[in-house]
Amino acid sequence: MHYSELAHRLDCSSSEAWKTHDRAINLQQRGEDVVVLSIGDPDFRTPDPIIDNAVSHMRVGRTHYSPALGELNLRRAVADYETRVSAHPCDFDEVSIYPGVTAALYAVMSCVLNGGDEVVVVDPWYVGYAPIMKALNVSVKFVPTHSADRFEPQFDDFVTAITDKTKVILLNTPGNPTGAIIPRQTLHKLAQHCARLGIWLVCDEVYSMFTYEKPHISLRSAADTLDNVVVIDGLSKSHAMSGWRMGWAVAPVSLTQHLGRFSEMSTFGCPQFIQDAAAFALNNDEYYVADMCKAYQARRDLVCGILGRVPKINYIRPAAGMFVMVDISSVESDDKIFAENLLDAELLSVLPGSAFGNALKGYVRLSLVQPEEVLQTGCKRLEKFIQHSAAK
Ligand SMILES: Cc1ncc(COP(=O)(O)O)c(C=O)c1O
């Protein structure tokens with residue numbers, strides 16, 4: 001049968017990145033004692049009051065179609081939240097609701113890009129962005145980052161990457177996988193520069209609620225004007241609600257109206273009871289989110305403490321997010337081979353850094369989404385593997 005060009009473009013998928021992880025899950029399903037540190041799905045349960053809220057709304061019949069842009073109650077809760085974290089007040093008519101950040105990104109990109117346009121992104125980038133770029137048939141220019149700068153992108157490198165075909169700069173702060181927080185000054189200068197050039201600045205802030213020593217800096221708070229600014233966020237990570245599929249975009253009203261029409265022909269709105277529970281979560285979340293944030297910070301400190309004692313490797317102590325990147329290049333230059341051999345030898349699954357771009361070749365990613373005992377076991381297995389590899 002016949003398939004579309006889009007289907008074919010998506011066919012060269014990111015399966016290579018997930019090869020070790022997929023094998024680890026297979027082994028686990030066969031009963032092997034695999035430690036899986038290769039995925040970023042929070043292990044915490046969604047807080048009970050949020051679950052109760054969704055159930056009670058389901059029971060009273062909030063199970064019907066919802067407006068394409070989202071329920072007013074949730075759009076208002078998001079607008080209040082964005083107003084709290086940014087210098088610019090946010091109104092509900094700048095907010096649109098999606099089944100997750102990925103869907104929000106795809107909708108926004110679809111409404112501002114044409115095939116052949118250029119998007120500037122930071123290397124390393126989140127693996128989920130590549131298929132969106134492929135689907136829309138746009139080309140990608142990378143801004144390099146370096147360990148010496150803690151993988152924070154530099155303003156001048158954005159200026160160099162921009163061409164007359166650039167229509168969007170896509171940022172991710174705090175970033176997956178390094179946890180890098182883009183400094184306020186870089187965001188500010190970039191926003192000014194892009195506003196002058198008429199380039200959209202889109203920022204994925206899905207890790208915004210998990211920053212450790214320093215606070216999150218929202219693009220909306222760093223920019224002087226918001227005519228070209230889009231902030232995307234959601235509850236997948238912050239509220240351990242990955243499976244609920246809940247995200248939003250905050251964009252100028254004119255773009256939001258286009259986004260509404262996009263949602264009308266694609267998702268046709270999100271479930272009412274999930275939006276009710278999401279609004280409840282945003283209005284009553286501080287205690288739960290703060291607890292989870294503290295737990296991730298303690299896990300980070302535990303893992304970094306263990307890794308600091310392992311010879312031959314370096315690691316990035318993340319300022320935010322739920323991942324630790326480990327530089328294994330002095331043990332094995334090919335991170336994919338390292339990840340495969342580690343799984344075979346020690347039943348520990350990690351993600352090769354090269355899946356995220358050139359900047360992280362020679363690294364592997366460890367997720368912090370497991371209880372401390374499991375992280376300890378994982379780190380011990382990593383240490384044993386490195387000792388054996390070094391002894392060879
Ligand atoms: C940077 C980043 N953006 C988006 C997503 C996906 O978010 P969602 O599950 O809300 O689609 C992830 C998930 O790992 C991520 O790391």
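Positions are given from 1 along the sequence. For ligands, and for the atoms within them, numbers begin at 1 and follow the listed sequence.
Annotation for ligand 1: atoms under 4.0 Å from non-hydrogen atoms of N176 are 1 (C), 15 (C), 16 (O). Residue R245 has at least one heavy-atom neighbour below 4.0 Å for each of these atoms of ligand 1: 8 (P), 9 (O), 10 (O), 11 (O). Listed by number with element, the atoms of ligand 1 under 4.0 Å from a non-hydrogen atom of S236 are 8 (P), 9 (O), 10 (O). Applying the 4.0 Å criterion to heavy atoms of V206 picks out, from ligand 1, the atoms 1 (C), 2 (C), 3 (N), 15 (C).
When non-hydrogen atoms are compared, ligand 1 lies under 4.0 Å from the side chain of N172 (C-beta onward) but not from its backbone. At a heavy-atom cutoff of 4.0 Å, ligand 1 is contacted by the side chain of K237 but not by its backbone.
S4 places a side-chain N or O within donor-acceptor distance of the main-chain N or O of A7, the cut-off being under 3.5 Å. For T83 (side chain) and A79 (main-chain N/O), a donor-acceptor pair under 3.5 Å exists by modelled atom type. Without hydrogens or angle criteria, S266 side chain to F262 main chain gives a donor-acceptor distance under 3.5 Å.
Note that R62 lies outside the cation-pi zone of F273, set by a 6.0 Å cut-off to the ring centre and a 45° limit from the axis. Geometric assessment of R365 against the ring of F323 yields a positive cation-pi assignment under the 6.0 Å and 45° thresholds.
Distances from atom 2 (C) of ligand 1 to the heavy atoms of L235, D204, D41, I232 put D204 nearest.
Summary of contacts: the protein heavy atom closest to atom 11 (O) of ligand 1 is T102 OG1, 2.6 Å. Scanning the protein heavy atoms around atom 7 (O) of ligand 1, the nearest turns out to be V101 CB, 3.6 Å.
Separation of the H193 and F155 ring centroids falls under the 6.0 Å cut-off. Aromatic rings from Y363 and Y315 are positioned such that their centres are separated by 6.0 Å or more.
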